[in-house]
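Letters A, B, ... mirror the listed sequences (proteins, then strands); counts begin at 1. Hydrogens, waters and symmetry mates are skipped; everything else that's a heavy atom, side chains included, is used.
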2 protein chains.
Amino acid sequence: MDSVTFSPRTSGLLAQAEAICVDRGARLTGLRRHVLGLVLDAPKPAGAYDMLDQLRPHHKGAAPPTIYRALDFLLEQGLIHKVERLAAFVGCVHGIEQHDHHHHTVQFLICTRCGRVEELNDAKIGKSLEQAATGSGFVIHGSTVEAEGVCGACADHG
Amino acid sequence: MDSVTFSPRTSGLLAQAEAICVDRGARLTGLRRHVLGLVLDAPKPAGAYDMLDQLRPHHKGAAPPTIYRALDFLLEQGLIHKVERLAAFVGCVHGIEQHDHHHHTVQFLICTRCGRVEELNDAKIGKSLEQAATGSGFVIHGSTVEAEGVCGACADHG
DNA sequence: GGCGCGATAGTTATAGTATAACCCGGGTGC
DNA sequence: GCACCCGGGTTATACTATAACTATCGCGCC
């Protein structure tokens with residue numbers, strides 16, 4: 001494969017991601033690394049087909065399954081998350097930096113003005129949800145919390 | 001249009017939905033009413049194309065825009081919700097019964113065994129989310145909370 | 001070395017979800 | 001009458017995701 005350059009920040013995160021995968025015996029192949037780089041480097045949640053377009057010049061023969069299999073791997077490893085409301089993917093910086101494989105309750109703030117997504121990590125939300133579920137005899141395996149609105153930056157100059 | 005019969009429960013809810021729309025000056029047309037009936041009558045979240053199939057025998061010429069326009073209206077009126085993780089729709093019984101137009105924080109428990117979805121209405125979750133967002137200067141317009149897992153009934157028998 | 005095996009990924013095709021764009025007709029207000 | 005808006009018909013297409021089959025690679029084992 002072609003070696004690709006990403007921003008310094010992304011490169012640093014990729015190095016940590018590699019270390020995590022080595023620890024776990026998971027294989028962050030060239031392709032998977034490349035896709036993770038694309039997600040991390042994007043200023044906004046990245047769509048699968050957008051990334052496919054970015055991948056193609058470096059990776060001939062890339063097709064939808066190419067990108068979706070890489071994304072599945074990255075999701076399993078907790079290196080990225082899917083934003084359901086956008087059908088797009090964001091890097092899980094927390095997971096990468098903390099080597100935290102827990103499928104912690106993921107929470108997103110989606111700005112409808114600038115399209116950026118901020119990831120929260122609020123224990124209270126998870127606990128409230130857990131409590132409410134237990135009240136119904138429901139056992140939670142995973143959850144998605146996504147709020148849409150306007151971020152501070154956009155509200156200021158808006 | 002063809003007049004269609006739904007379960008007694010659904011019929012009752014439809015009558016209330018009509019009253020709500022009259023109050024608001026919104027037009028719950030035959031088509032929209034029919035689609036709302038399909039959503040309310042379904043034991044599980046209903047997919048747009050499934051409903052389209054159910055619609056066709058009664059409504060010749062129904063096409064994707066037919067159903068999506070009706071769904072958009074019902075979503076705006078708070079009569080139904082979309083379950084993002086399933087790309088499917090459920091009735092908002094609370095909204096219909098309470099004549100509550102607020103886009104209250106919607107919370108779902110999705111059972112991966114039986115496919116049923118339970119709607120919660122927990123104020124704490126909404127408050128926690130609101131607080132966390134405010135901390136970032138973020139103003140929330142709407143939010144989705146979706147937990148996947150196993151419901152009490154499914155856990156019991158197996 | 002040769003063999004078997006599992007994981008990765010190439011390739012083609014298709015399923016599933018949602019919207020664009022344009023037209024038409026019916027009701028309302030003037 | 002006619003200008004306007006809204007609901008809806010119709011056709012086409014965009015966007016998202018997966019199925020199914022094949023090929024290849026690396027590795028342990030004998």
Side-chain angles (χ1 to χ4, degrees), chain A residues 1-2 18 21-22 24-36 38-39 42 44-77 79-90 115 144 146, chain B residues 1-2 18 21-22 24-36 38-39 42 44-77 79-90 115 144 146:
Chain A
M1 87 241 160
D2 233 351
E18 283 195 45
C21 288
V22 169
R24 292 181 193 155
R27 295 175 49 193
L28 187 63
T29 62
L31 176 60
R32 291 167 174 174
R33 190 177 187 281
H34 191 157
V35 173
L36 178 55
L38 290 175
V39 175
K44 304 183 198 176
Y49 280 74
D50 287 346
M51 290 190 275
L52 184 53
D53 290 342
Q54 294 179 259
L55 200 57
R56 283 200 157 112
H58 306 275
H59 195 96
K60 83 158 213 169
T66 310
I67 196 96
Y68 279 104
R69 286 195 282 236
L71 292 170
D72 283 346
F73 170 85
L74 299 170
L75 286 168
E76 272 169 25
Q77 296 300 322
L79 300 171
I80 65 172
H81 294 301
K82 179 172 181 184
V83 184
E84 299 286 342
R85 276 164 92 123
L86 305 177
F89 302 85
V90 294
T144 307
E146 301 181 1
Chain B
M1 89 238 155
D2 231 352
E18 284 195 46
C21 288
V22 168
R24 293 182 191 155
R27 293 174 53 192
L28 186 64
T29 61
L31 177 59
R32 292 168 173 173
R33 190 179 187 282
H34 191 159
V35 173
L36 177 56
L38 291 175
V39 175
K44 303 183 195 176
Y49 280 72
D50 287 346
M51 288 190 276
L52 184 52
D53 290 342
Q54 295 179 262
L55 200 57
R56 282 199 158 112
H58 305 275
H59 194 96
K60 85 158 208 164
T66 310
I67 198 98
Y68 280 103
R69 287 196 282 235
L71 292 171
D72 283 346
F73 170 85
L74 298 170
L75 286 168
E76 273 169 25
Q77 296 300 322
L79 300 171
I80 65 173
H81 294 302
K82 180 174 181 182
V83 184
E84 299 287 341
R85 275 162 92 123
L86 306 178
F89 302 84
V90 294
T144 308
E146 300 182 0

Can you check whether A:E84's main-chain N or O pairs, donor with acceptor, with A:E146's side chain at less than 3.5 Å?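 Flag set: sc A:E146 to bb A:E84 pair under 3.5 Å.
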What nitrogen or oxygen pairs link the protein and nucleotides 9-14 of chain C at under 3.5 Å?
from   : atom 1 : to    : atom 2 : distance (Å)
C:dA9  : OP1    : A:T29 : OG1    : 2.6
C:dA9  : OP2    : A:R32 : NE     : 3.4
C:dG10 : OP1    : A:H59 : NE2    : 2.7
C:dG10 : N7     : A:R69 : NH2    : 2.5
C:dG10 : O6     : A:R69 : NH1    : 3.0
C:dG10 : O6     : A:R69 : NH2    : 3.3

What is the separation between atom [atom1] on [X] and atom [atom2] on [N], rounded to the nearest whole Å?
{"X": "B:D50", "N": "C:dA15", "atom1": "CG", "atom2": "P", "answer": "15 Å"}
{"X": "A:Y68", "N": "C:dA15", "atom1": "OH", "atom2": "P", "answer": "17 Å"}
{"X": "B:F73", "N": "C:dT19", "atom1": "CZ", "atom2": "C1'", "answer": "20 Å"}
{"X": "B:L71", "N": "C:dA18", "atom1": "CG", "atom2": "P", "answer": "9 Å"}
{"X": "B:L52", "N": "C:dG16", "atom1": "CG", "atom2": "C1'", "answer": "13 Å"}

Please identify the 5'-most and 3'-most nucleotides of DNA chain D with any atom under 4.0 angstrom from a heavy atom of chain B.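 Answer, 5' to 3': D:dG7 to D:dT11.
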List the steps and the verdict of side chain to side chain contact (heavy atoms under 4.5 Å, CB included) for A:L74 and A:L28. CA-CA 9 Å; A:L74 299 170; A:L28 187 63; 4.1 Å; yes
For B:G115 and B:P45, the nearest pair of non-hydrogen atoms, with its separation, is O-CD, 3.4 Å
Kindly write out the residues that satisfy salt bridge (Lys or Arg N to Asp or Glu O under 4.0 Å) with A:R24, not counting sequence neighbours, or none if the list is empty. none
Flag the pair A:H58 / A:H34 as yes when their ring centroid distance falls below 6.0 Å, and as no otherwise. yes
